[in-house]
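Working notes for the structure below.
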2 protein chains.
Amino acid sequence: MHSSSLPHTNPTNKLQDMASAIRFLTMDMVGAANSGHPGMPMGMADVATVLFSRFLKFDASDPTWPDRDRFVLSAGHGSPLLYSLLYLCGYNDIDVEDLKQFRKFSSRTAGHPEIDQLAGVEVTTGPLGQGFANGVGMAVAERILAAEFGDDLVDHYTYVMVGDGCLMEGISQEAISFASHNQLSKLIVLFDDNSVTIDGNTSLSTSENQIDRFNAAGWHTQEIDGHDFEAIEGAIRNARLSPRPSMIACKTVIGKGSTEKQGTAAAHHGAFSASDRANMQQLYNWQELEFIIPKTILDNWRAAGTRGVPQRKSWKRLFADLQPSKAQEFDRRMMGACPENLSSALSALKQTLLGSPPTATRVASLKVLETLQPIMPELIGGSADLGSSTQTHPSTASTFSRENPSGRYIPFGVREHAMAAIMNGAALHGGFVPYGGTFLCFLDYARHSIRLSALMNLPVIYVGTHDSICVGEDGPTHQPVEQVASFRSMPNLNVFRPGDLIEAVECWELALQERRPALLVMSRQALPVVRRDVETNWCKLGGYVFKEASSARQVTLIATGSELSLALGTATILENDGLPTAVVSLPNWRLFDAQRSDYKEFVLGSSETLKVAIEAMSPIGWERYVGRDGIICGIDQFGHSGPASDVYTHFGFTDKAIAQRVQDRLKR
Amino acid sequence: MHSSSLPHTNPTNKLQDMASAIRFLTMDMVGAANSGHPGMPMGMADVATVLFSRFLKFDASDPTWPDRDRFVLSAGHGSPLLYSLLYLCGYNDIDVEDLKQFRKFSSRTAGHPEIDQLAGVEVTTGPLGQGFANGVGMAVAERILAAEFGDDLVDHYTYVMVGDGCLMEGISQEAISFASHNQLSKLIVLFDDNSVTIDGNTSLSTSENQIDRFNAAGWHTQEIDGHDFEAIEGAIRNARLSPRPSMIACKTVIGKGSTEKQGTAAAHHGAFSASDRANMQQLYNWQELEFIIPKTILDNWRAAGTRGVPQRKSWKRLFADLQPSKAQEFDRRMMGACPENLSSALSALKQTLLGSPPTATRVASLKVLETLQPIMPELIGGSADLGSSTQTHPSTASTFSRENPSGRYIPFGVREHAMAAIMNGAALHGGFVPYGGTFLCFLDYARHSIRLSALMNLPVIYVGTHDSICVGEDGPTHQPVEQVASFRSMPNLNVFRPGDLIEAVECWELALQERRPALLVMSRQALPVVRRDVETNWCKLGGYVFKEASSARQVTLIATGSELSLALGTATILENDGLPTAVVSLPNWRLFDAQRSDYKEFVLGSSETLKVAIEAMSPIGWERYVGRDGIICGIDQFGHSGPASDVYTHFGFTDKAIAQRVQDRLKR
């Protein structure tokens, strides 16, 4: 009765058939769409089969179970792999019709995996290398959360699948170095070592030894045949035991199974011929038409999808037995709700800051972080080696490290790009609101990860300090000019540029409450504390009349950040000159644009009012508020090295110079 | 008479004294400015002394001698090192007064080295890691130029000094991997291995073995005591002999000489106390007051500065003996002049393209590159693993590699960031106009290097294809929305978005003629060839009336790129509806803004004209042209995965939908 010649009872044959299901679904999806990237899914089908059927802790019926293992497909173009797996394992959100809609408009199976389209997708991937660093962020989050809530409640792995392209991107090195330095032992990277990229063989552009590279950083490494099921299983087992992060180089054949394309760049993207599918059917003893999976094989996959049910149930029991306050806090954290007393804590802080001597707005970050430490343990973060300069290192937070998993201050190193992607990963994991600081200028290094924060609408907070030419002596390489305009053009990103210490606290509050990506643009130099009232968070409106004109308005000065106090000085000159002048503070365009039009007109003034924008950076976009007849006091060139006040004066940022421009215009 | 006890005749003492000069000048510069970063200059003073006095091929009297060795201070915050060296070696452009003006407004000795401030500075550095990749670009340029003009004329090394921070930035890995793959044997990296960054000891954030890391990529590596003159000399000698790029890890003490700060992060920046200087005087047997160098020591340095005179003279003789045409071409290349027949060649190309079937604008790149190959050998470049997608791989160009140094197509690998920085390096070297292509969206990876192209105003050409939501199925991760706006905000960068094949050729021509950084934004999808005349390069004006209204204008449609043909279709509908409508093509804002105001008004129409901007991307900035009462048809959210036409329609980009918006507005 029990015969080893029956193909589907031999464990290797069983895995082989399960992998074949991925290969055929991939071929069929790409065929139906007549576009897409099948090479990686077909090459990594065997590895994925072992991972999902033997190791990955998940329950397809509950894709958001907090203690599931995380699986990140960094090589996001291989999305058919992920969609096949989710379908085969029985995730509710996806059925075979969705596979047929691959890459169609408004389908769940987008060209690259998107978190908001399909449950089971852990992260939106596509731009190479990002997913690797996202995985690092998830592993960081897991470790800190485990330290806080106990490793009976939080104990899972993060698996990341990367390709040659991911490892060529610089961000991967930042991720590699950070992960091993912090001994993120539950991070396992599966490298699809197929030696092919879009343009051809990797020998065209790289000759690195990846194993040596990871070893140099202190990783646990293994090299296996990515089509040998036993080797795959053994390697993942070893990796899970290693006290270090682990990389498994899986030597694979790209597009494996396609006799016409496998092993070549032609398999990277594009559909297959009918004869190629026929050959592959013969090869894998597959009888089925497109999108049809034999019942035995589907049953085996569905069993993989329910394999985690007992684990999840036992976790649920554990959770039910928790102290109610602890369970409530865990839920709050995973849902991403702000603590109830956030506003009151920050209102109290504002009260203490009223009447402060001139202070850089960057200082607000430190004050906010120190105020919130006791009530917002979800605030984790740090800086890219500029902790003290960016004021993002609260003295009350201990430093995260391999020895101190509960540290909330993370020294990211000189790695702005990975910092941002790690923040994304931690936010995706859940339980945290990550923040990260560097000079505003150097956020350009992280721009693509910031774009992904915005695309995924993640609650992460970027703190960009030294926000203008007032950086001073460090010169134009360190002086942002175009950054604020460029970030304002990014959808979803909430860009704040507060004008004094009080506004800075208000912007921090909004950044936390809005639960979307925020950029807080902070000054290096001290600014007068000009706000006199703290009862209302005026920044919530995006812009507001900071000081009304003495009588019927003739001029509206609109300023942000360090230029707010300058505008107030300018207004005084103009008022003394008989020109009734209002000052508007506009720390956030997005929030202001969302106000009712009558409010906006009330703030900006009627069409007869001369409107003057004052912002010591790129003028692009200000026409929206000042119209074609207004004046924009901006800077459309790079800065200069020199003491901040000299540079500021050089570019015309004095109350007298601006008042003169206004007077000249009105005299015309 | 010749006694070894005389300190300045012992070769080591002589070097020690020369290094002391750097240390004291650094201390004095930072003291006078009361700011700056002395730790690196003092730590690397010994290495720099050996390099400049024994190896570096240069002649201080001719800083632009084409065959000089290049020296790149990637850790640009260590600028006092470079300024000291240039002054001590006797460069004409700098005297001791300049050192006293360190970091002052409009001084030549800016906070970070800036190429336009001081001859002898090879590259503007400051943002960490960039200089490393710039050095790689210089070494590429040297190799290709040597292959072309002969290695008697072109034969020099590139030395790059990097710090821990440079090596933590991801771009360094891209540079490492590219350099060894191409066996850039004349690239020598001197790593200031001091284990300290701004925030403290590097053990805070990294535990990589840098030697192993470089070895993994195939570099020649050495590890030395960076304060041992003999070891430094031996290591540089070895490095020059290696057939591979070479990295020397120089173990140094940051701020060496400062008894109060050396070896700690406190030495990274900030001035020293009087007692610290006094102690250092004792330590190095130094008697002088601030900024004074003993004559013997200065003489030794000046001798180092003239050491290359015979080499330069013999090079000049060699050059004088060249065939005149070859010498002329070499001069043209190093001066960066366009070939005289550039315009005629591209005019002829345009002629052949007239009446072409619909074609993607990206195709123009290939046609231009193939047309210019014979007459513009300075055009070198490639893509970040998207040669065929971006159409930047001309079939007529052979591929640059270790075996083929004369290849003009460079496979940069999946390394957008290093690609851009390598382009900058090649442009800085001279002799080349580098170009590099990737998807427009992924230029965000390279943004900081593009910023440096702009800051240095280098003639480099970025080709960003797949320029809108019309990327289609690959979805929002691959669909640029905010990129064009964000690049328009960057000073100096010439952003072009041509509307058809003819305009695309014209924009290429302008990008080459303008000799400043350019971004060519090209479509993936085919666009109708709508231009009918090719005699004039209309794009030179930035914007022009593409089609005048049939009678007194009521509407002006202003479009770029793929929206130009859409605007033409819309105009037809509106004209049929009785609304005289003009279509304006505006491929380059910068060039258009520079036109006379009467021309601009002529193009855009009078204030009574309804102005409508049509660009399938972020609307930011368009108010400049349409005013507050105009219409902006843009996209202020991320895109969607799906066939291009579905996505385009979804966002309202059809002639009917836009015509409707115009009609609705005019009926109000």
Side-chain angles (χ1 to χ4, degrees), chain A residues 35 103 105 110-112 126-128 165 168-171 173-174 177 181 197-199 204-209 212-213 216-218 385 387 411 413-415 417 444-445 447-448 451 455 473-478 482 485-486 489-491 618 620-621 623-624 627-628 636-638 641-642 646, chain B residues 35 103-105 110-112 126-128 165 168-171 173-174 177 181 197-199 204-209 212-213 216-218 385 387 411 413-415 417 444-445 447-448 451 455 473-477 482 485-486 489-491 618 620-621 623-624 627-628 636-638 641-642 646:
Chain A
S35 79
R103 292 171 80 89
F105 189 73
H112 290 79
L128 296 177
M168 277 199 251
E169 292 285 3
I171 191 174
Q173 184 64 23
E174 301 182 14
S177 182
H181 181 71
T197 65
I198 290 187
D199 270 359
L204 194 66
S205 56
T206 188
S207 39
E208 260 178 297
N209 182 317
D212 288 352
R213 176 184 171 199
D385 199 50
V414 188
R415 306 184 185 102
H417 202 174
D444 276 354
Y445 275 96
R447 182 156 178 113
H448 210 99
R451 180 173 214 256
L455 183 52
E473 290 89 345
D474 276 334
T477 57
H478 287 51
E482 72 281 22
S486 82
S489 68
M490 192 178 274
S618 168
I620 281 197
E623 291 91 348
R624 178 176 300 176
R628 287 182 72 183
D636 57 3
Q637 55 181 284
F638 289 109
S641 169
D646 292 359
Chain B
S35 78
R103 293 170 80 88
K104 297 285 195 300
F105 188 74
H112 290 78
L128 296 177
M168 278 200 248
E169 292 285 2
I171 191 174
Q173 184 64 22
E174 301 182 14
S177 182
H181 180 70
T197 65
I198 290 187
D199 271 359
L204 195 65
S205 56
T206 188
S207 37
E208 261 178 298
N209 183 318
D212 289 353
R213 175 184 171 199
D385 199 51
V414 189
R415 305 184 185 104
H417 201 175
D444 275 355
Y445 274 98
R447 183 159 177 110
H448 209 98
R451 179 174 215 257
L455 183 52
E473 291 89 345
D474 275 335
T477 57
E482 73 281 22
S486 83
S489 70
M490 193 179 273
S618 167
I620 280 197
E623 290 92 348
R624 179 177 301 177
R628 287 183 72 183
D636 57 2
Q637 56 180 282
F638 289 107
S641 170
D646 293 358

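Proteins come first, then strands; the chains are lettered A, B, ... in the order of their sequence lines, and each starts at number 1.
- For chain B, the nearby part of Ser35(A) is the side chain; its heavy atoms alone come within less than 4.5 Å.
- Atom CD of Glu174(A) and atom CD of Glu169(B) lie 5.5 Å apart (nearest 0.5 Å).
- By number of non-hydrogen pairs under 4.5 angstrom with chain A, the leading residue of Asp212(B), Thr197(B), Leu128(B), Asp199(B) is Asp199(B).
- Only the side chain of Ser618(A) comes within contact range of chain B, with at least one heavy atom under 4.5 Å from a heavy atom of that chain.
- A donor-acceptor contact shorter than 3.5 Å links the side chain of Asp385(A) to the backbone of Ile198(B).
- The heavy-atom pair separating Gln173(B) from Glu208(A) by the smallest distance is NE2-OE2, 2.5 Å.
- Of all heavy-atom pairs spanning Arg213(A) and Ala216(B), the tightest one is N-CB, 3.4 Å.
- Proximity of a side-chain donor or acceptor of Ser641(B) to a complementary backbone N or O of Gly111(A) within less than 3.5 Å is detected.
- In this structure, Arg415(B) CZ and Met168(A) CE are separated by 5.5 Å, a value rounded to the nearest 0.5 Å.
- In terms of heavy-atom pairs under 4.5 Å with chain B, the best-connected choice from Ala485(A), Ala217(A), Ser207(A) is Ser207(A).
- Contacts between Asp636(A) and chain B at a heavy-atom distance below 4.5 Å involve the backbone alone (N, CA, C, O).
- With hydrogens and angles disregarded, no donor-acceptor distance shorter than 3.5 Å links the side chain of Asp444(A) to the backbone of Arg447(B).
- Between chain A and the options Ser205(B), Pro411(B), Ala110(B), heavy-atom pairs under 4.5 Å are most frequent for Ser205(B).
- Of the atoms belonging to His112(A), heavy atoms from both backbone and side chain fall under 4.5 Å from chain B.
- Closest non-hydrogen pair, Leu204(B) versus His181(A), comes out as O-NE2, 3.2 Å.
- What you find for Ser177(A) and Thr206(B) is that their closest heavy atoms are OG-OG1, 3.2 Å.
- For the pair Tyr445(A) (side chain) and Ile171(B) (backbone), a donor-acceptor distance under 3.5 Å is absent.
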Inset, instruction - Please test Asp474(A) against Arg103(B) for side-chain contact (heavy atoms from CB on, under 4.5 Å), starting from the C-alpha separation and ending with a verdict. - result: CA-CA 8 Å; Asp474(A) 276 334; Arg103(B) 293 170 80 88; 2.9 Å; yes
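- Residue Gly126(A) comes nearest to Thr477(B) through the heavy atom pair CA-OG1, 4.2 Å, listed as atom of the first residue, atom of the second, then distance.
- Counting all heavy atoms, side chain and backbone alike, Pro476(A) lies closest to Leu455(B) at CB-CD1, 3.7 Å.
- With respect to chain A, the highest number of heavy-atom pairs below 4.5 Å among Gly413(B), Gly170(B), Gly387(B) belongs to Gly170(B).
- For the residue pair Ser486(B) / Ser489(A), no side-chain donor-acceptor distance below 3.5 Å is found, with atom types taken as modelled.
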